[in-house]
Structures are given as structure tokens and as C-alpha cells.
Amino acid sequence: MRLGLALGYWGRGPNPAHLELAREAEELGYDSVWTAEAWGSDAFTPLTWIAAHTSRIRLGTGIAQMAARTPTATAMHALTLDHLSGGRMMLGLGLSGPQVVEGWYGRPFPKSPLTATREYVDVIRQVLSREAPVELDGRFHSHPYNGPDATGLGKPLKPITHPLRSRLPVLLGAEGPKNIAQTTRIADGWLPLYWSPLRTEVYEASLADLPDGFMVAPMARAHVCDDVAEGLLPVKAMLGFYIGGMGHAARNFHADLMARMGFEEEARRIQQLFLEGRKEEAVLAVPDAFADEISLVGPRRRIAERLELWRKGPVTDLLVTAPDPHTLRVLAELN
């Protein structure tokens, strides 16, 4: 099981520790480092900065949002950074949800998410293969554009720049069972949001036909500390925000996922509290058991024992969000 460092997205401003952590991870033999985006900092610029200050560690977007860019623009970002980094780029993509897609990006959330995702990946694959001009008569992504307001002057094009690698890895951050199953067919890897090594049956059907070399790369908070309850508070804060605030009361993919993992009553309670403005109560309502299952928190010996559970399943890469170099070192030694 390879180790990766997940840095996430910026909050109010850039985290001055991110570059230090990325360089420390490379020194410790970590395989990859990942950046994210929501409605603030973007995923590609910080990754480019990290690329300029490292030499070996692979670079992933975990995740870049599809609504933020056309698939050709995303492919341009990926092939450019792949060249600049000497072939270290991995492209992680996700749809996000209706509140962000329509509220922030000002675009309609696709009525058929599976089709939209499939077309997006298809266009990126065509760009990166550069075998022919990009052409797709798609429901969501047409190349050339052929909508009712089209001029009719568009022509199929190939990228001017020759991609460094035609099979640059593409990973998807899918959550629903059908989306995950499709991911195993059209992508090179899957980026689970929540992964519990105690509940792998939740994903068993979706992962029934994994191709050789397919990456399963969940993200998990890791923190070497003496007080487990205190160490879990950042995990609970993240869960409270995602489950309570990252979606509409009637359509929240994160809450639905928690429900499928056996915590439906708790998920709905967190949603209710968050939407009522009782955010601190929503965080406290996150079950310690759920937060603990999807993270690696506590003394070294406890983390070593729990790490064994992660190794027994289909996980190929463990992407850790770690707050300090000490935690990174301990995980490297235990792995």
C-alpha cells in the first residue's frame, strides 16, 4: 500500500506548511501529493508550485471539479503540468454537487451525472492520446459545439502540444454505487471520500470487476497523539461540514453515503442541526465510531494496529491528511 499526502484546499489563505509537508513526504518516500479545490483556491496552481520544489513525488488533483473547466481546458492543465514535472501528473476529477455547480460555477448540474462524467473523461482521453482531432456528439460535451446558438464554424482540433504521456492516469471521486462501478470501467483509479476498512461490503458490488493496476486511493485524516477523542475533533468538524453543509437538505451526496455506511439516523440528525444553524452541535453529533473508522488517530501502537486493517482490503494508496511532519514519519515507518 503506497502512501500519499493529501493537502486539500486552502482556507482563508495559503497554508505556509503545505510546501514543507510535501517536501518532507518526498524525503520519507511517499508516492504522491494531492491538492483540492472547492470555491476558493484552485487545485492546479498549488500543485505546480509543489512540482517546482520537488523532483520525484507524483502529483495529483484530489479533486479538480469538472464544472470549473471544459474537459479540453482540464486536459490542457494536465498535459502542461505533466511536461513541467517530468511525467508526475495524475488527474483526479469530481462532479461536486448541485449547490456548488449551480451556485458557484453558474452551470446546470447534469441530470445524468454518469453520462456527463463519461463524456468528460472521453474528451480528456482523446486530447491526451492525440490520435485524431477531438470529436464527440455528446449530450453534455459536444466537440465541435453544435448547440442551437452555434455558428457552425467550429472545427475538430488536436492539441498543438504533444502530450508527454498518452495514458496519464485519470481518477474519479465517485460516491454513488453506479458512479463507482462506472469509474472502474472508464478511469485508472477511484478516490473515495470516506473509506472504512470495517465496512468494505458497502463497495463490494461496485468494485467487483477491478482491472489490473486500478488505484483505490481513499483519503484519511492521520494524527499521532495521546488523546484519541481530541484527535478525532478535526475529523468530526470535517464530517459535520460535509454532511451538514455541503449539499441541500433533500440532495446531499455525502449524507447519503454516510447513511449507506450504516449511520443513516445520525447523518440526518447532523444535517438537521447544521441547516438550523447549530453547527457546533452538528459537529458533536458526529459519532466517534464513524469518525474513527475512516481515520488513523491515536498513539503509534494504535495506529499500527489499525493500519493493518487498511492493508487487508482493495486499497492501493492511502492518502493521508496529516497536520505535522512527525505523523508523516510515523506512518512511513509503520508502512
Side-chain angles (χ1 to χ4, degrees), residues 9 36-40 42-44 60-78 90-129 134-150 154 156-157 168-194 203 205-207 241-243 245-260 267 271:
Y9 44 78
E37 61 188 13
W39 50 92
D42 78 283
F44 289 98
T61 53
I63 59 175
Q65 298 186 337
M66 297 184 203
R69 307 162 190 85
T70 64
T72 47
T74 298
M76 288 166 63
H77 275 296
M90 294 181 288
L91 181 60
L93 301 168
L95 274 176
S96 191
Q99 280 196 322
V100 175
V101 172
E102 298 183 359
W104 179 248
Y105 292 114
R107 303 183 58 169
F109 187 78
K111 293 182 178 179
S112 178
L114 271 74
T115 302
T117 299
R118 190 166 58 248
E119 291 179 4
Y120 202 100
V121 173
D122 185 345
V123 172
I124 288 174
R125 296 287 200 201
Q126 289 190 52
V127 173
L128 295 176
S129 69
V134 177
E135 290 191 83
L136 180 67
D137 184 16
R139 177 178 173 184
F140 299 97
H141 301 286
S142 295
H143 291 263
Y145 177 69
N146 59 8
D149 55 345
L157 299 168
L168 184 153
V170 176
L171 300 91
L172 297 176
E175 291 186 44
K178 292 181 180 178
N179 261 325
I180 297 169
Q182 174 176 266
T183 297
T184 66
R185 298 191 297 270
I186 68 172
D188 302 297
W190 173 44
L191 296 163
L193 181 61
Y194 312 136
Y203 303 113
S206 300
L207 300 177
F241 176 64
Y242 271 71
I243 293 162
M246 289 279 271
H248 189 270
R251 194 171 187 185
N252 184 314
F253 302 136
H254 310 303
D256 293 344
L257 174 56
M258 183 177 175
R260 286 197 300 273
Q271 272 191 294

Participant: Under the side-chain hydrogen bond (donor to acceptor under 3.5 Å, both in side chains) rule, collect the residues that match up with Thr61, sequence neighbours excluded.
Facilitator: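 Here no residue qualifies.
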
Participant: Under the side-chain contact (heavy atoms from CB on, under 4.5 Å) rule, what do Arg107 and Glu102 come out as? Steps first, then yes or no, please.
Facilitator: CA-CA 5 Å; Arg107 303 183 58 169; Glu102 298 183 359; over 6 Å; no

Participant: Quick one: does any side-chain atom of Gln65 pair with a main-chain N or O of Leu95 as donor and acceptor, under 3.5 Å?
Facilitator: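 It does not hold such a pair.
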
Participant: Start with the C-alpha distance between Val134 and Leu157, add both sets of side-chain angles, then the distance that settles side-chain contact (heavy atoms from CB on, under 4.5 Å), and finish with yes or no.
Facilitator: CA-CA 6 Å; Val134 177; Leu157 299 168; over 6 Å; no

Participant: Of all residues at least two apart in sequence or in a different chain, which pass the salt bridge (Lys or Arg N to Asp or Glu O under 4.0 Å) check with Asp122?
Facilitator: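 Applying salt bridge (Lys or Arg N to Asp or Glu O under 4.0 Å) to Asp122 gives none.
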
Participant: Kindly determine whether Leu91 and Phe44 satisfy side-chain contact (heavy atoms from CB on, under 4.5 Å), including the steps that lead there.
Facilitator: CA-CA 10 Å; Leu91 181 60; Phe44 289 98; 3.8 Å; yes

Participant: Should the pair Trp190 and Tyr203 be assigned to parallel (<30°), tilted (30 to 60°) or perpendicular (>60°) ring geometry?
Facilitator: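 Geometry flag for Tyr203 against Trp190: perpendicular rings.
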
Participant: Under the criterion side-chain contact (heavy atoms from CB on, under 4.5 Å), which of Ile180, Ile186, Asp188 is the partner of Leu172?
Facilitator: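 Single pass found, and it is Ile186.
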
Participant: Will you find, in the side chains of Tyr120 and Thr74, an N or O donor that is under 3.5 Å from an N or O acceptor?
Facilitator: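 A pair is found: one side chain offers a donor N or O, the other an acceptor, under 3.5 Å apart.
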
Participant: Please assess Ser112 against Arg139 for the test side-chain contact (heavy atoms from CB on, under 4.5 Å), listing each intermediate value before the final yes or no.
Facilitator: CA-CA 9 Å; Ser112 178; Arg139 177 178 173 184; 3.4 Å; yes

Participant: Do any N or O atoms from the side chain of Thr184 and from the backbone of Leu207 form a donor-acceptor pair under 3.5 angstrom?
Facilitator: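 Absent.
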
Participant: Do Glu37 and Arg69 meet the salt-bridge criterion of a basic N to acidic O distance under 4.0 Å?
Facilitator: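 Yes.
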
Participant: Distance from Met90 atom CE to Leu168 atom CG, nearest 0.5 Å?
Facilitator: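 One gets 9.0 Å once the value is rounded to the nearest 0.5 Å.
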
